[in-house]
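Quick notes on the structure that follows.
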Amino acid sequence: MFKFFRVTIIFYFFALTIAGPISADEIKFEASLDKKTAAIGETAQLGLTFYGTQSVPAPDIGNIDGCDVRYLGPSTMTTIINGSVSSSITHMYRVQPLRLGKFQFGPFTFKYEGSAYKSNAAFLTVDEERQKEGLSAKAAAVGPAAGGKEEEESILDSLDIRDKLFLTLKIDKPRAYVNELIPVTIKLYVNRLNVSDIQLPDLGQEGFSKAQFEEPKQYRERMGGELHDVLEFRTTIFGTRPGDYKLGPAKLKCNIAVRKRVRNISALSDDFMNEQGGGSPYFDDFFTRYERYPVELKSEETRLILSPLPAEGKPIDFSGAIGDYQFIFQAGPKKVKVGDPVTLTMEINGTGNFNTVIIPKLENVEGFRIYEPQAKTEPNRKVFRQVLIPETDLVFQTPKAIFTYFDPDKKEYKTITQGPISIQVEKVAEAPPQVIGAAPAAVPSAPMGIASVEEEKEAQGDILYIKESLGRIQSADYEIYKSPFVLVIVIIPLLALLAVYAVYARRERFIRDTKYAHRSAAFKNMRREFFQLKHCLKANDAKSFYEALFHTLQNYLGGMFYIPVSGLTFDTIEPVLRYKNIDIAVINKIKNIFDLCDRAKFALSNVDALRMKDDMRELEEIIRDLERKKALR
């Protein structure tokens with residue numbers, strides 16, 4: 001009785017480990033076989049898979065004429081990518097044909113919690129009888145001598161996963177021009193396998209831009225008559241040199257859980273199974289364990305031909321922009337005085353490779369002082385702001401702007417000219433001249449011998465009367481400017497003037513030196529973003545923490561080195577760091593942060609608060625080292 005109770009506990013514990021909650025997704029029911037043909041004496045596996053749940057019990061499929069069918073147990077699969085959960089459970093059956101012919105399994109109908117589910121049909125053809133080589137030798141090896149020991153057989157080497165787990169690579173344009181954006185789609189197909197720790201694909205190719213993949217899209221797709229779970233990764237790349245290339249293969253790393261069978265379970269075999277009349281194949285297959293194995297998948301290569309841009313019709317001022325764009329040109333304010341700034345806003349939007357888009361060319365800039373432009377890149381949009389200072393009131397309009405690009409779809413160069421825009425420039429009003437030291441007008445004197453009344457009053461003022469009181473006594477050499485009160489009154493306005501000058505000088509430097517402005521803004525924004533990092537660390541939110549960590553480093557490096565933040569990666573910042581003579585240890589730390597953030601998007605299970613705190617401390621060390629470098633000042 002005790003032995004039976006021990007087996008019951010093992011069954012109960014195993015059932016708890018494979019149970020899972022039913023998701024809100026619609027449950028789908030599918031039947032499949034691991035092979036389409038077999039021989040008498042061979043076995044096949046029938047899988048009944050329920051997508052969208054892990055709590056459906058094993059269906060009772062009844063008896064199938066001409067086949068011996070035994071239930072092996074369940075197999076569950078859960079995939080979590082960026083918070084999106086996909087789950088399924090597959091109930092496995094061993095099928096052994098007992099005669100020649102074609103067997104049909106299904107369609108099966110199964111009712112669960114008031115809902116009915118119906119599967120497809122699967123077919124198995126038995127065409128001949130074969131004997132398995134080495135069967136007797138393998139049976140002899142597992143004899144009494146090995147009965148008291150656990151012997152495991154790894155099926156990783158013999159498992160054929162080419163039809164169940166594979167990677168595909170597809171490009172939308174087999175022929176393209178140099179620097180033209182090429183859409184790339186990489187798909188991961190999974191069929192009834194437990195796959196975890198899926199990393200972003202790698203599509204490193206010499207002569208092409210670094211592939212930056214978007215968040216993957218997850219769905220199901222039927223291929224070869226079977227339903228697969230699909231992860232679709234999309235990106236765009238462009239080549240920098242013409243030629244005939246073989247793009248790929250794309251690579252993707254993940255882990256798969258593989259069952260390892262226990263040939264003989266000594267405790268159960270000796271204590272329980274022998275009492276039931278010997279070993280049971282049911283228990284041999286049911287008591288299994290899963291081990292994770294790293295797998296690197298590779299796609300097929302695909303051919304890509306890159307052509308140079310045509311020389312015919314190429315404008316002289318063509319700067320390399322390729323795509324299909326629109327050009328919006330604005331100026332303001334339109335009424336200024338000599339020396340006041342006028343800002344030109346030039347917006348390029350559309351589709352194409354914005355890495356090749358530079359500021360449009362300005363013509364007829366006589367009469368203006370021009371400052372360094374500012375650029376801002378957004379998805380499908382790039383905005384340039386150019387500050388002009390009119391130096392004379394004889395200018396009546398802004399310069400015109402010319403933008404030239406190559407349209408790869410129409411295979412022709414296009415030029416868009418905007419402006420000029422009329423403006424009104426006024427002279428600065430001149431202040432009236434000031435006369436210093438002018439003599440007062442002469443007053444005619446009275447006739448000789450006639451004294452006026454006023455002269456008599458002034459004469460009376462010369463008489464000094466005797467004082468009855470001494471009044472306030474003070475030193476004869478007292479000087480009021482030596483009083484502390486006077487010094488405070490004089491110093492405070494001076495300090496205020498110096499403060500105003502400092503603010504004005506800093507403001508003027510922000511206007512003149514755009515790189516300094518970007519560096520100052522980067523440091524200020526970095527301090528604000530560190531508060532967000534600490535908040536995510538306190539909440540133990542690993543996904544939000546590593547997203548904030550990536551954007552903090554990206555925004556800081558973009559502002560520090562005057563590089564567009566959009567699309568900034570380690571590959572784009574590394575040449576700048578080396579040019580600035582940044583220490584190699586700091587460069588390695590930056591690479592480590594970028595790599596860590598990429599991996600954390602899909603493998604957050606092993607990240608704890610202590611690890612996140614160490615990563616934030618490493619980012620602080622990077623910023624502290626960069627701030628000390630004279631090359632940044």
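Position 1 is the first residue of the sequence, and the numbers go up from there. Here the structure is a predicted model, which means the values were calculated and not measured.
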Next on the checklist: If only side-chain N and O atoms count, and only distance matters, is there a donor-acceptor pair under 3.5 Å linking Asn255 with Asp197?
Outcome noted: yes
Checklist entry - Between the main-chain N or O of Ile421 and the side-chain N or O of Thr398, is there a donor-acceptor pair closer than 3.5 Å? => result yes
Next on the checklist: Donor-acceptor pair, distance only, cut-off 3.5 Å: does the side chain of Gln330 make one with the backbone of Thr345?
Outcome noted: no
Please find the pair of heavy atoms, one from [X] and one from [Y], that lie closest to each other, and give the distance.
X	Y	result
Pro575	Thr572	CD-O, 3.6 Å
Ile573	Leu557	CG1-CD1, 4.1 Å
Leu537	Lys613	CD1-N, 3.9 Å
Pro249	Ser299	CB-O, 2.9 Å
Ile237	Ala211	CG2-CB, 4.0 Å
Leu169	Leu247	CD2-O, 3.6 Å

Any non-hydrogen side-chain atom of [X] less than 4.5 Å from a side-chain atom of [Y]?
X	Y	answer
Arg241	Leu306	no
Pro390	Val336	yes
Pro216	Glu232	no
Leu203	Phe233	no
Phe570	Ile593	no
Ile389	Pro341	yes
Leu309	Tyr413	yes
Val365	Gln386	no

Checklist entry - What residue among Lys376, Lys382, Arg381 forms side chain to side chain donor-acceptor pair (under 3.5 Å) with Glu347? => result Arg381
Next on the checklist: Before you tell me yes or no, could you show the steps for Glu180 and Lys173 under side chain to side chain contact (heavy atoms under 4.5 Å, CB included), namely the whole-Å CA-CA distance, both residues' side-chain angles and the distance that decides it to 0.1 Å?
Outcome noted: CA-CA 10 Å; Glu180 179 184 358; Lys173 295 182 178 181; 2.5 Å; yes
Can you measure from [atom1] ([X]) to [atom2] ([Y]) and round to the nearest 0.5 angstrom?
X	Y	atom1	atom2	answer
Leu252	Leu297	CG	CG	6.0 Å
Lys298	Asp202	NZ	CG	10.5 Å
Ile587	Asn592	CD1	CG	13.5 Å
Phe545	Lys538	CZ	NZ	15.5 Å
Glu621	Met616	CD	CE	11.5 Å
Gln212	Asp571	CD	CG	7.5 Å

Next on the checklist: One pair to check against side chain to side chain contact (heavy atoms under 4.5 Å, CB included): Asp172 and Ile182. What are the steps and the verdict?
Outcome noted: CA-CA 7 Å; Asp172 292 356; Ile182 305 168; 6.0 Å; no
Between the side chains of [Y] and [X], is the shortest nitrogen-to-carboxylate-oxygen separation below 4.0 Å, so that they form an ion pair?
X	Y	value
Arg234	Glu214	no
Asp583	Lys589	no
Arg617	Asp614	yes

Checklist entry - Quick one: are the ring centres of Tyr325 and Phe327 less than 6.0 Å apart? => result no
Checklist entry - Centroid-to-centroid, Phe594 to Phe550, below 6.0 Å? => result yes
Heavy-atom count check: over 12 atoms from other residues, nucleotides or ligands less than 6.0 Å from [X] [atom1]?
X	atom1	answer
Lys253	NZ	no
Phe531	CZ	no
Glu300	CD	no

Checklist entry - For Glu296 and Lys251, what are the C-alpha separation, side-chain angles and deciding distance, and is it a salt bridge (charged side-chain N to carboxylate O under 4.0 Å, His left out)? => result CA-CA 7 Å; Glu296 184 179 61; Lys251 301 177 182 179; 5.2 Å; no
Item to check | Residues Glu378, Val383; criterion side chain to side chain contact (heavy atoms under 4.5 Å, CB included); working and verdict | outcome: CA-CA 8 Å; Glu378 299 175 355; Val383 179; 5.7 Å; no
Next on the checklist: Working note: Tyr556 + Ile622, criterion side chain to side chain contact (heavy atoms under 4.5 Å, CB included); need CA distance, chi angles, decisive distance, verdict.
Outcome noted: CA-CA 11 Å; Tyr556 176 78; Ile622 291 172; 5.8 Å; no
